[in-house]
Amino acid sequence: METVQSKPQALASPGRLAGRIGYGLLYAMLTIVAIIQLVPLLWLLLFSLKNNEEIFNLAPFAFPEKFRWENYQKVWTLGHIDSYFWNSVWMTVVSVGATVLLASLVTFALTRMKWKLQSLVLGLFMLGLMIPVHSTLIPLFSLFQKLHLTNHPLSILLSYVAFNLPITIMIMLGFYTTLPREVEEAAVMDGCSVNRLFFNITLPMTASVLSTAFIINMIYNWNEFIFVNTFISSEKYKTLTVGVQNFVGQYTTDWGAIGATLMISILPILVAFILLSNRIVEGIAAGSVKG
C-alpha cells in the first residue's frame, strides 16, 4: 500500500512545483510592473523638492542638497493653490455624485422597464461617446454666454455631467444585466413602489460598480483642463489643473513649485484608488460577465 500511494504523490509533485514556479514568475512580473509605475511618482517627488538650478544640473533621480519642503508651503499660500484645491474637490464631488446618480436612474429605466423608444434613448446616449470634446467648446461657450453661465461653476458641472453620462451608463449596463430579478420581483409583490425599489433594493446591490464609476469619473473631472480654461476666467472658480499656470512666467518659471502643485494634485486620486481598489476590480469583473 505504501508503494501504491507514493506513486500518485510523486506524479503530483512536478505539477505542484510547476504551479509554484508559475505563481512566482507572475508575482515577480507584477512587482516589476508596480516598480515601473512608481518610478514617475518618485521622480516627481524629488522634482518638487528641488530649485531650478538643481533640476537642470542634477540627474533626474539625484537627491537635492536640501529638501525644499518650502515649495509646498509656497504653492499652498502664495500661489493660492489652497483655493484651487478646494474648488477641484467640491466640483469633482458634486459632478461625480450627479453623474453616478443620473446614470443609475437611466440604467435602471433601460434594463428594468419596458417603454417606447427605449432602444432609441440608449442609442442617443451611446452616440455621446463619439462626440469629441474639442468640437463642442465653441457651441458650449456660445450657449453658456447666452445663458450668462460663463465664468460660473455651473457651466463646468453641466459639462462634466453631460460628457461623463454615456461612459458611466455603458459601465453600469453590463452589471445591471447580471442582477437577479427575483429579489426585485419579490419586493414588487410585497407592494414596493418603483422609487423604493430603486433606492432601497437595486442601488445598494450595485455598490461595486458604483465605486468603479465613481473613481473613473473622479479621475476625469479632477484632471480636466479644457472646460475650466475655456469657461472660467475668475481666480475664484479656477481649479488645480489651471492654477498650475500661475508659476509659469514669461521669462522665468518656478519648476519646483510646479512639481509641488502636481504632487498635491495626484494625492487625492491615489488615496481614492487605494480605498476603492477592491471595489473597482470587483465591479469591472462583475460587469464583464453576463448571466
Side-chain angles (χ1 to χ4, degrees), residues 1-50 54-55 58-64 67 92 96 100 103 107 126 129 164 166-180 204-225 241 258-291:
M1 292 296 294
E2 293 180 358
T3 58
V4 173
Q5 291 178 353
S6 62
K7 290 182 179 180
Q9 293 177 358
L11 293 174
S13 58
R16 293 181 180 179
L17 181 60
R20 291 178 181 177
I21 293 175
Y23 276 111
L25 292 175
L26 177 62
Y27 288 136
M29 183 179 66
L30 292 176
T31 302
I32 293 172
V33 172
I35 293 173
I36 293 174
Q37 296 290 330
L38 292 174
V39 164
L41 293 178
L42 175 61
W43 172 82
L44 182 60
L45 177 62
L46 294 175
F47 186 93
S48 67
L49 297 174
K50 298 176 183 178
E54 291 172 334
I55 288 172
L58 296 178
F61 292 97
F63 287 93
F67 290 105
T92 299
V96 169
V100 172
T107 309
M126 294 301 102
L129 293 171
N164 288 338
I167 185 64
T168 308
I169 292 172
M170 188 179 70
I171 292 172
M172 292 185 175
L173 276 174
F175 188 85
Y176 266 74
T177 56
T178 65
L179 292 178
M205 288 194 299
T206 62
S208 57
V209 75
L210 289 179
S211 301
T212 305
F214 179 86
I215 192 65
I216 290 175
N217 280 272
M218 178 185 175
I219 291 173
Y220 174 81
N221 294 351
W222 186 268
N223 296 324
E224 201 280 322
F225 174 82
T241 52
I258 290 177
T261 304
L262 294 176
M263 198 68 196
I264 291 173
S265 68
I266 288 174
L267 290 178
I269 300 294
L270 288 177
V271 172
F273 189 83
I274 291 171
L275 293 177
L276 299 175
S277 58
N278 292 335
R279 289 284 188 176
I280 294 168
V281 175
E282 182 182 337
I284 293 175
S288 62
V289 179
K290 294 185 179 181

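When the options Ile215, Ile171, Val100 are evaluated for a side chain to side chain contact (heavy atoms under 4.5 Å, CB included) with Leu210, the one that passes is Val100.
A donor-acceptor pair under 3.5 Å is absent between the side-chain atoms of Trp222 and the main chain of Thr92, judged by distance alone.
The OG1 atom of Thr241 sits 7.5 Å away from atom CG of Asn223, with the distance rounded to the nearest 0.5 Å. For the atom pair OH (Tyr176) and OG1 (Thr178), the distance works out to 10.5 Å, reported to the nearest 0.5 Å. With rounding to the nearest 0.5 angstrom, the CG atom of Leu179 is 10.5 Å from the OG1 atom of Thr107. Note that the CZ atom of Phe214 and the CD1 atom of Ile219 stand 10.5 Å from one another [nearest 0.5 Å].
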Next item on the list: Kindly determine whether Ile21 and Leu25 satisfy side-chain contact (heavy atoms from CB on, under 4.5 Å), including the steps that lead there.
Entry: CA-CA 6 Å; Ile21 293 175; Leu25 292 175; 4.1 Å; yes
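The shortest heavy-atom contact between Lys50 and Pro60 is NZ-O, 3.4 Å. Of all non-hydrogen atoms in Leu46 and Phe61, the two that sit nearest each other are CD1-O, 3.6 Å. Closest heavy-atom contact between Pro40 and Ile36: CD-O, 3.2 Å. Looking at every heavy atom in both residues, Tyr220 comes nearest to Asn164 through CD2-OD1, 3.2 Å. Contact detail for Leu58 and Phe63: the closest heavy-atom pair is CD1-O, 3.9 Å. For Ile167 against Leu129, the heavy-atom pair with the smallest separation is N-CD2, 3.6 Å.
Using modelled atom types, one finds a donor on one side chain and an acceptor on the other under 3.5 Å when comparing Asn217 with Thr168.
Within the 4.5 Å cutoff, no side-chain heavy atoms of Thr206 are placed close to those of Met172. Looking at heavy atoms from C-beta onward, Leu41 lies in side-chain contact with Leu270 at the 4.5 angstrom threshold. Counting heavy atoms from C-beta on, the side chains of Ile169 and Met126 come closer than 4.5 Å.
Using bins of under 30°, 30° to 60° and over 60° for the plane-to-plane angle, the ring pair Phe47/Trp43 lands in the tilted bin.
When the side-chain contact (heavy atoms from CB on, under 4.5 Å) test is applied to Leu45, the partners found at least two apart in sequence or on another chain are Ser48, Leu49, Tyr72, Met263.
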